[in-house]
Peer 1: 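Supplied in structure tokens, the structure appears directly below.
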Amino acid sequence: MFQSIIQNYYNYYKIFAQADIIDIYEGSVSWIVPCKGEKGPSIAFRIHLREENAEAELKELIQGIRKGKVPQIWHITPDATPAHIIDIMKKNGFKNLSEDVSEPEPTMALYKNDFMPYEETGSPAICRKISSKNDFKLWIDVVNSALHGWDMIDADHYFTWVESNNINIYLAEMNGIVVSTCATIQNNNTASLEFVSTLEEYRRKKAAISLCSYAIDNLLHNGAEIVTLGACGHSAFLYEKLGFKRSFNNTIMKFDL
């Protein structure tokens with residue numbers, strides 16, 4: 001189970017590199033960063049340093065951080081090596097951001113047979129998969145404002161997601177207004193639920209759970225056996241209503257320049 005969740009995290013980060021403004025580096029530590037002069041996500045993942053030389057490798061990567069070539073933010077998953085990598089990182093100037101949050105940010109997984117679809121007669125939310133660039137722009141506006149808090153992505157550079165065979169983009173509308181978003185990434189019989197967001201004024205109106213249920217149902221009908229996600233705050237309780245179970249908590253480290 002852990003490995004399915006971890007691989008889906010890697011798949012999620014890699015889709016950003018489909019945009020021609022995001023570079024990806026894959027090695028003992030992998031990362032994505034915006035190209036020079038561009039903006040977008042910047043994070044390191046898949047941390048596999050060698051036990052016998054971990055601190056020396058880390059110090060070399062820290063020089064890359066200081067030069068702006070390597071991200072300051074690192075996502076540490078249970079497969080990270082060596083086993084005491086967090087202690088080594090703390091010793092060398094990284095801070096564990098996950099220790100400062102009031103609620104842990106769990107990863108969660110849903111097996112096909114555990115799915116509990118959300119059904120509400122007369123729900124005001126209209127859920128649908130999108131295919132046009134105009135809809136994608138509306139989707140991005142909600143994601144950037146409600147989820148990221150800044151213009152992290154744009155329709156021109158990321159429209160390849162809509163055209164991709166394994167990525168599906170969904171939105172929910174109320175009274176003609178796009179209020180909630182999500183997306184799915186599927187690889188054979190495993191998939192992840194991503195970009196779940198709702199405009200603040202429309203939260204607690206069942207739009208998000210209706211949309212997630214709709215997207216998950218489509219995944220399961222398309223052959224998915226396991227769906228994973230990363231939750232934050234109280235969203236974990238929403239996912240539990242759909243049948244998700246908690247797996248492990250995320251650890252995010254940041255190097256302070």
Side-chain angles (χ1 to χ4, degrees), residues 5-48 60-77 128-171 178 180-188 190-197 211 215 218-219 222 224 228-230 232 250 252-255 257:
I5 296 173
I6 292 166
Q7 187 58 52
N8 283 345
Y9 272 126
Y10 297 164
N11 293 338
Y12 165 72
Y13 292 133
K14 287 179 180 179
I15 69 167
F16 287 95
Q18 292 182 17
D20 56 7
I21 58 170
I22 302 294
D23 282 333
I24 185 169
Y25 174 86
E26 296 186 82
S28 57
V29 174
S30 299
W31 63 78
I32 52 173
V33 290
C35 298
K36 187 175 181 180
E38 301 291 350
K39 62 182 179 180
S42 177
I43 193 167
F45 57 97
R46 193 184 174 277
I47 317 301
H48 289 168
E60 185 175 345
L61 288 160
I62 287 172
Q63 291 305 309
I65 294 174
R66 295 187 188 280
K67 294 176 182 178
K69 297 179 179 180
V70 179
Q72 288 179 262
I73 303 292
W74 291 33
H75 184 180
I76 312 300
T77 42
R128 60 186 175 89
K129 176 184 171 182
I130 68 172
S131 59
S132 72
K133 196 167 188 178
N134 184 60
D135 277 345
F136 190 49
K137 288 179 179 178
L138 297 173
W139 183 89
I140 281 178
D141 286 344
V142 175
V143 168
N144 282 338
S145 63
L147 184 62
H148 298 135
W150 63 290
D151 292 340
M152 190 179 83
I153 54 178
D154 65 86
D156 290 331
H157 292 105
Y158 292 91
F159 190 67
T160 56
W161 291 353
V162 179
E163 301 172 320
S164 174
N165 290 328
N166 70 323
I167 302 173
N168 287 316
I169 312 290
Y170 298 93
L171 57 77
V178 177
S180 193
T181 67
C182 75
T184 61
I185 307 171
Q186 183 169 359
N187 288 279
N188 300 316
T190 66
S192 64
L193 181 66
E194 311 287 355
F195 298 104
V196 179
S197 70
L211 185 61
N218 285 349
L219 280 175
N222 197 40
T228 70
L229 57 83
C232 61
N250 278 309
I252 304 296
M253 306 291 289
K254 180 180 181 182
F255 182 78
L257 291 170

Peer 1: Start with the C-alpha distance between W74 and I65, add both sets of side-chain angles, then the distance that settles side chain to side chain contact (heavy atoms under 4.5 Å, CB included), and finish with yes or no.
Peer 2: CA-CA 11 Å; W74 291 33; I65 294 174; 3.9 Å; yes
Peer 1: Return yes when atom CD of E60 has more than 12 non-hydrogen atoms of other residues, nucleotides or ligands closer than 6.0 Å, and no otherwise.
Peer 2: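 Atom CD in E60 is not packed in, count stays at 12 or less.
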Peer 1: Evaluate the criterion side chain to side chain contact (heavy atoms under 4.5 Å, CB included) for residue pair D135 and L138; output intermediate values, then yes/no.
Peer 2: CA-CA 5 Å; D135 277 345; L138 297 173; 4.1 Å; yes
Peer 1: Examine distances only and state if a side-chain atom of S192 and a backbone atom of L229 form a donor-acceptor pair shorter than 3.5 Å.
Peer 2: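 Not confirmed, S192 side chain does not pair with L229 backbone.
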Peer 1: N168 versus N222: any side-chain heavy-atom pair under 4.5 Å?
Peer 2: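 No, every pair of side-chain atoms sits at 4.5 Å or beyond.
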Peer 1: Quick one: does V70's side chain get under 4.5 Å of F255's, heavy atoms only?
Peer 2: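 A side-chain contact is absent here, since even the closest heavy-atom pair is not under 4.5 Å.
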Peer 1: Is the shortest side-chain heavy-atom distance between K133 and D156 below 4.5 Å?
Peer 2: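 They are in contact (side-chain heavy atoms under 4.5 Å apart), so the answer is yes.
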Peer 1: Is there a side chain to side chain contact (heavy atoms under 4.5 Å, CB included) between Q18 and I167? Walk through the geometry before answering.
Peer 2: CA-CA 12 Å; Q18 292 182 17; I167 302 173; 4.0 Å; yes
Peer 1: Using atom types as modelled and distance alone, determine if a side-chain donor or acceptor of W161 lies under 3.5 Å from a backbone N or O of I15.
Peer 2: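 It does hold such a pair.
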Peer 1: Has Q72 got a side-chain atom pairing as donor or acceptor with K254's backbone, closer than 3.5 angstrom?
Peer 2: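 Side chain of Q72 to backbone of K254: no pair is present.
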Peer 1: Are the side chain of N166 and the backbone of I185 linked by a donor-acceptor contact shorter than 3.5 Å?
Peer 2: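 Absent.
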Peer 1: With ring centroids as reference points, do F195 and Y170 lie under 6.0 angstrom apart?
Peer 2: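 No - the distance between ring centres of F195 and Y170 does not fall below the 6.0 Å cut-off.
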Peer 1: In the structure I gave you, are the side-chain heavy atoms of I153 and V143 within less than 4.5 Å of one another anywhere?
Peer 2: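 In contact.
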Peer 1: Please assess D141 against V178 for the test side chain to side chain contact (heavy atoms under 4.5 Å, CB included), listing each intermediate value before the final yes or no.
Peer 2: CA-CA 9 Å; D141 286 344; V178 177; over 6 Å; no
Peer 1: Closest approach of P34 and I22, non-hydrogen atoms and distance?
Peer 2: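 Scanning both residues, the minimum pair turns out to be CA-CD1, 3.8 Å.
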Peer 1: Taking the basic N atoms (NZ, or NE/NH1/NH2) and the acidic carboxylate oxygens, is any pair closer than 4.0 Å for R46 and E26?
Peer 2: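 No, R46 and E26 are not salt-bridged.
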Peer 1: Without swapping roles, check the side chain of Q186 against the backbone of N188 for a donor-acceptor pair under 3.5 Å.
Peer 2: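 Here the side-chain-to-backbone pair exists.
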Peer 1: Got a donor-acceptor contact below 3.5 angstrom from the D23 side chain to the C35 backbone?
Peer 2: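 A pair under 3.5 Å: no.
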